[in-house]
Amino acid sequence: MHYLIFILIIPIIAAVMLRIWTHRLTWQFLSRPTHLPSAGCEPVSILVPVRGLDQQAEANYRSYCEQEYGATHEVIFALEEEDDPAAAVIEALAASYPPESVRLIISRDAEGIGKIRNQIAAARQCRHDLWILVDSDVRLPPDFLHTQAIRLLSEKGVGLAYAAPCPTGSEDWVAALHNLSVCNSILTYGSAAMRGNLNAAVGSCILTRRDVIAAIGGLERLANRVVGLDVALGRAVVEAGYKIELLPQPARIHHARDRFMRFWWQSHRWLATINLAVPGIWIAILMLGLPLWWALAFVGLAVANSNHQVIGLSLVILVLLMDVVSAAVINLRLARDAKLWKFLWVALLQQLFLLPNLVLAVTMKKVQWRGRWLSLNASA
């Protein structure tokens with residue numbers, strides 16, 4: 001009967017093969033030549049929902065305002081509360097630019113709560129038809145509008161494009177753990193893009209147009225979302241007959257320091273979002289996303305049966321080596337975070353935290369967003 005423990009090898013090998021396959025597809029997608037239409041010079045509105053001050057917030061905000069672009073662009077910052085600490089920073093920044101190009105609004109009368117409420121309020125105030133919905137922790141390169149946004153949205157049938165989030169600047173091990181966990185998601189987005197299977201938007205920077213949002217019934221359609229806003233938006237765009245594209249460059253986020261509980265609850269929110277968007281996905285994560293736990297189970301049974309311990313330890317080493325090599329490749333090819341290398345060992349911890357957090361995400365009906373607890377019952 002002890003030979004039944006070899007069944008545990010199946011999800012381990014499947015997970016390793018899946019990781020190799022997604023790496024191959026992702027880097028194939030990101031390295032392929034692009035033949036996009038010539039960049040236009042249409043006016044652009046950048047909509048920034050804000051709550052609290054992110055790390056290096058002022059530098060992030062300034063990057064939206066100082067785009068090298070041949071046409072008009074406006075930046076609209078939207079806050080829920082006037083006493084938000086970000087308000088003073090935004091007001092001081094706005095004073096350096098023409099009043100019509102940088103504005104701060106308070107989303108008193110908009111529907112929803114949190115990010116979607118601010119986005120709805122900003123959308124109602126914007127003057128232009130090309131929109132960039134960007135999270136306040138993202139820092140855009142100066143040529144972002146010219147080289148990426150307009151060119152992709154000029155492609156026939158494209159209704160939405162998004163950039164994969166890529167936090168960098170690790171200065172402690174918790175920030176490194178957070179940054180690695182987020183950057184790992186490029187394997188999901190890149191492999192799906194290569195297969196032409198993007199049916200949702202997941203990212204910190206979304207590009208779209210006013211007519212596309214009108215076609216899905218406006219952002220108000222998503223006002224009851226608590227988590228999974230970007231996923232819901234992407235799905236609505238696909239249902240309206242448009243294509244989704246992945247930007248070849250990530251959305252850079254400066255994330256130098258973190259606290260463990262903040263990381264824990266943010267990871268919990270991501271897992272809850274995925275589980276709500278794809279009911280039952282937790283089963284696939286359990287089978288294919290946790291090979292370390294299957295390897296540890298093999299070791300435990302092997303020790304109990306006084307047999308095959310060497311095989312068990314070899315499986316554990318294989319999985320841990322896969323995590324470290326995968327993290328190193330992602331850092332080399334995408335994140336390029338020089339500070340991360342001394343914390344690369346945190347790749348060994350990711351799966352240990354994933355299982356208990358997955359259980360919590362499946363069973364718990366609340367999530368934490370920027371210091372506020374939100375009930376998932378309000379999310380459709």
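For Ser267 and Asn357, the side-chain atoms include no donor-acceptor pair closer than 3.5 Å. Side chains of Gln56 and His254: a donor on one and an acceptor on the other come within 3.5 Å. No side-chain N or O of His268 forms a donor-acceptor pair with one of Trp264 less than 3.5 Å apart. If you check the side chains of Ser101 and Glu74, you find no donor sitting under 3.5 Å from an acceptor. Side chains of Arg262 and Gln368: no donor on one and acceptor on the other come within 3.5 Å.
Between the side chain of Ser45 and the backbone N or O of His128, at least one donor-acceptor pair lies under 3.5 Å. Side-chain N or O atoms of Ser63 include one that pairs as donor or acceptor with a backbone N or O of Leu140 at under 3.5 Å. Looking only at distances, a side-chain donor or acceptor of Ser107 sits under 3.5 Å from a matching main-chain atom of Leu79. Panel note: side chain Asp135, backbone Asp137; no donor-acceptor pair is recorded below 3.5 Å. Between the Asp143 side chain and the Gln67 main chain, no donor and acceptor come within less than 3.5 Å of each other. Looking at Ser204, its side chain never comes within 3.5 Å of a backbone N or O of Pro165 through a donor-acceptor pair. No side-chain donor-acceptor contact under 3.5 Å links Gln249 to the backbone of Ala164. Side-chain N or O atoms of Gln309 include none that pairs as donor or acceptor with a backbone N or O of Val303 at under 3.5 Å.
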Before giving the answer on salt bridge (charged side-chain N to carboxylate O under 4.0 Å, His left out), spell out for Lys115 and Asp230 the whole-Å C-alpha distance, their side-chain angles and the decisive distance to 0.1 Å.
CA-CA 10 Å; Lys115 180 177 177 179; Asp230 299 338; 3.5 Å; yes
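Within a 6.0 Å sphere centred on CH2 of Trp369, other residues, nucleotides and ligands contribute more than 12 heavy atoms. Within a 6.0 Å radius of CE in Met364, other residues, nucleotides and ligands contribute more than 12 heavy atoms.
Here salt bridge (Lys or Arg N to Asp or Glu O under 4.0 Å) pairs that include residues 201-224, with residues two or more places apart or in two chains, are Arg124-Glu220, Asp129-Arg210, Arg209-Asp211, Arg221-Glu239. Screening residues 315-331 for salt bridge (Lys or Arg N to Asp or Glu O under 4.0 Å), with sequence neighbours left out, gives Arg19-Asp323. Every pair passing salt bridge (Lys or Arg N to Asp or Glu O under 4.0 Å) that includes a residue from residues 329-348 is listed here, sequence neighbours excluded: Glu171-Lys339. Counting only residues at least two apart or on different chains, the ring pair (Phe, Tyr, Trp, His ring centres under 6.0 Å) pairs with a member in residues 285-305 are Phe6-Phe298. For the ring pair (Phe, Tyr, Trp, His ring centres under 6.0 Å) condition, the pairs that include at least one residue of residues 309-355, sequence neighbours left out, are Phe260-Phe353.
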Please table the atom pairs, donor to acceptor, closer than 3.5 Å between any side-chain atom in residues 182-189 and protein atoms at least two apart or in another chain.
{"residue": "Asn184", "atom": "ND2", "partner": "Leu180", "partner atom": "O", "Å": "3.4"}
{"residue": "Asn184", "atom": "ND2", "partner": "Gln350", "partner atom": "OE1", "Å": "2.8"}
{"residue": "Ser185", "atom": "OG", "partner": "Val182", "partner atom": "O", "Å": "2.5"}

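Val310 belongs to no hydrophobic cluster, as no Ile, Leu, Val, Met, Phe, Trp or Tyr side chain comes under 4.5 Å of its own. Through direct or indirect side-chain contacts shorter than 4.5 Å among Ile, Leu, Val, Met, Phe, Trp and Tyr, Leu313 is connected to no other residue.
For His255, the ring pair (Phe, Tyr, Trp, His ring centres under 6.0 Å) test picks out His178, with sequence neighbours left out. Considering only residues two or more places apart in sequence or on other chains, Tyr97 meets the ring pair (Phe, Tyr, Trp, His ring centres under 6.0 Å) condition with none of them. For Tyr64, the ring pair (Phe, Tyr, Trp, His ring centres under 6.0 Å) criterion is met by no residue, not counting sequence neighbours. For Arg372, the salt bridge (charged side-chain N to carboxylate O under 4.0 Å, His left out) partners at least two apart in sequence or on another chain are Glu80, Glu81.
Taking the six-membered ring for Trp and the full ring otherwise, Trp265 and Trp270 have centroids separated by 6.0 Å or more.
For Val316 against Val299, the heavy-atom pair with the smallest separation is CG2-CG2, 3.8 Å.
Here Arg370 pairs with Asp54 in a salt bridge; the nearest charged N to carboxylate O distance falls below 4.0 Å.
The shortest distance between side-chain heavy atoms of Leu93 and Cys65 falls below 4.5 Å. No side-chain heavy atom of Gln119 sits under 4.5 Å from any side-chain heavy atom of Leu47.
With hydrophobic clusters built from ILVMFWY side chains whose heavy atoms lie under 4.5 angstrom apart, Ile317 does not share a cluster with Met17.
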